[in-house]
Structure formats: structure tokens, C-alpha cells
Amino acid sequence: MKNRKIIFFIVPLLLVVGIAYASLKGGDEPDFVAYAMNAVSNKMSYDHSLTKCKSVQSDVGKWSISCSSSITPVALVFTVLPPEKAPHDVATPFYLIAENDVAKKSSQEGLLSLMMIDIQSEDDQVKQPAAN
């Protein structure tokens, strides 16, 4: 009887702890991607209403985020890199490159313009120093 009481107490407790841990842990993306999603979502929400971002790992160490809202017909797509991979100093724990035309246009408007989002592709930035 005593073992039954312990089991009925322990099992729900472990279930609650497991759910809480999974909720706090979030996704599998690194911190710099989570920070970027949060920052872009917050800035976009000011101009585009409630915004939702999702992350996708395209290559090892290379991530993209796609952010959309109910009033944006096309999602804004950004490449997210750690700050040490930026071609210049950045004040954020991430470095963003706008990938599609909507993201490039939006990165120059509203609160997103304060984030110093590059509008050149990563390939253009690699080619640029070689041309000098």
C-alpha cells in the first residue's frame, strides 16, 4: 500500500518535471539563432502585427530563419550566423543576412532598420574582398 502511494506521487511529479524541462529547453538551435528569432520577431511585430519565426539548419553551422505574420503575404527569410563570422563588428550575439526581396526591403524599414541586417548575400560578401 505504501509503495502504491509513492508511485502515485512520483509518476505525476516526473511527468510534470519532464514537460517543464522540454518547454524550457526549446528547439535544437544554438543560442545565437534563438536570439535572432526573438529579436526579429519583436521588431517585426511592431510593424507587421504578431509575428512567428521558425529556424532551419541548412548546413552544418549555417542556419536560416523564416518569419511571417498574418499581414505579410511572403515570409521574410534571413541567414543567421554567429557574430564571429560577420565581416564587421556586430553588437548582437548574431549576424543576419536578408535572403529574399521582402526581407531586404523590410530590413531597411521600421524597427528592423535598427538591427544592421546585411542585404548582400553571403556569396557577395565572400567575392567582394577578392575583387579589391
Side-chain angles (χ1 to χ4, degrees):
M1 185 75 159
K2 190 174 184 180
N3 287 340
R4 281 182 134 175
K5 286 182 181 179
I6 292 173
I7 289 174
F8 284 122
F9 175 74
I10 296 292
V11 171
L13 181 64
L14 290 175
L15 184 62
V16 169
V17 168
I19 291 171
Y21 176 76
S23 297
L24 291 175
K25 182 164 174 13
D28 293 334
E29 69 267 346
D31 288 343
F32 72 90
V33 176
Y35 287 130
M37 286 193 315
N38 188 32
V40 171
S41 179
N42 286 337
K43 302 287 191 282
M44 273 184 69
S45 293
Y46 182 77
D47 294 320
H48 300 282
S49 101
L50 186 62
T51 304
K52 182 174 182 170
C53 294
K54 63 180 181 176
S55 65
V56 175
Q57 186 174 13
S58 52
D59 287 327
V60 174
K62 187 173 179 184
W63 291 79
S64 294
I65 60 171
S66 175
C67 301
S68 59
S69 74
S70 60
I71 62 170
T72 54
V74 177
L76 281 68
V77 180
F78 301 94
T79 295
V80 186
L81 298 169
E84 57 271 8
K85 295 211 177 178
H88 51 79
D89 289 337
V90 293
T92 56
F94 54 85
Y95 170 63
L96 288 173
I97 302 169
E99 291 297 332
N100 61 357
D101 291 335
V102 178
K104 290 176 183 180
K105 182 177 184 293
S106 293
S107 67
Q108 297 175 345
E109 301 172 343
L111 291 179
L112 284 177
S113 66
L114 303 174
M115 293 184 63
M116 297 176 58
I117 300 169
D118 277 340
I119 56 173
Q120 293 179 328
S121 73
E122 205 173 352
D123 294 333
D124 292 340
Q125 291 172 8
V126 171
K127 291 177 188 174
Q128 188 177 13
N132 290 334

Are the side chains of [Y] and [X] in contact, using a 4.5 Å heavy-atom criterion?
| X | Y | value |
| --- | --- | --- |
| Lys62 | Thr79 | yes |
| Ser41 | Cys67 | no |
| Val40 | Phe78 | yes |
| Pro83 | Thr92 | no |
| Met37 | Glu29 | yes |
| His88 | Asp118 | yes |
| Tyr95 | Met116 | no |

Could you tell me whether the side chain of [X] and the main chain of [Y] form a donor-acceptor pair under 3.5 Å?
| X | Y | result |
| --- | --- | --- |
| Asn42 | Asn38 | yes |
| Thr51 | Ser49 | yes |
| Asn100 | Leu76 | no |
| Thr72 | Ser69 | yes |

**Asked** Just by distance, with hydrogens left out, do Ser113 and Gln108 show a side-chain donor and acceptor under 3.5 Å apart?
**Response** no
**Request:** Identify which one of Pro82, Ser55, Cys53 satisfies the side chain to side chain contact (heavy atoms under 4.5 Å, CB included) criterion when paired with Val33.
**Result:** Ser55
**Prompt:** In Å, rounded to the nearest 0.5 Å, how long is the span from CG of Leu112 to CG of Asp47?
**Reply:** 7.0 Å
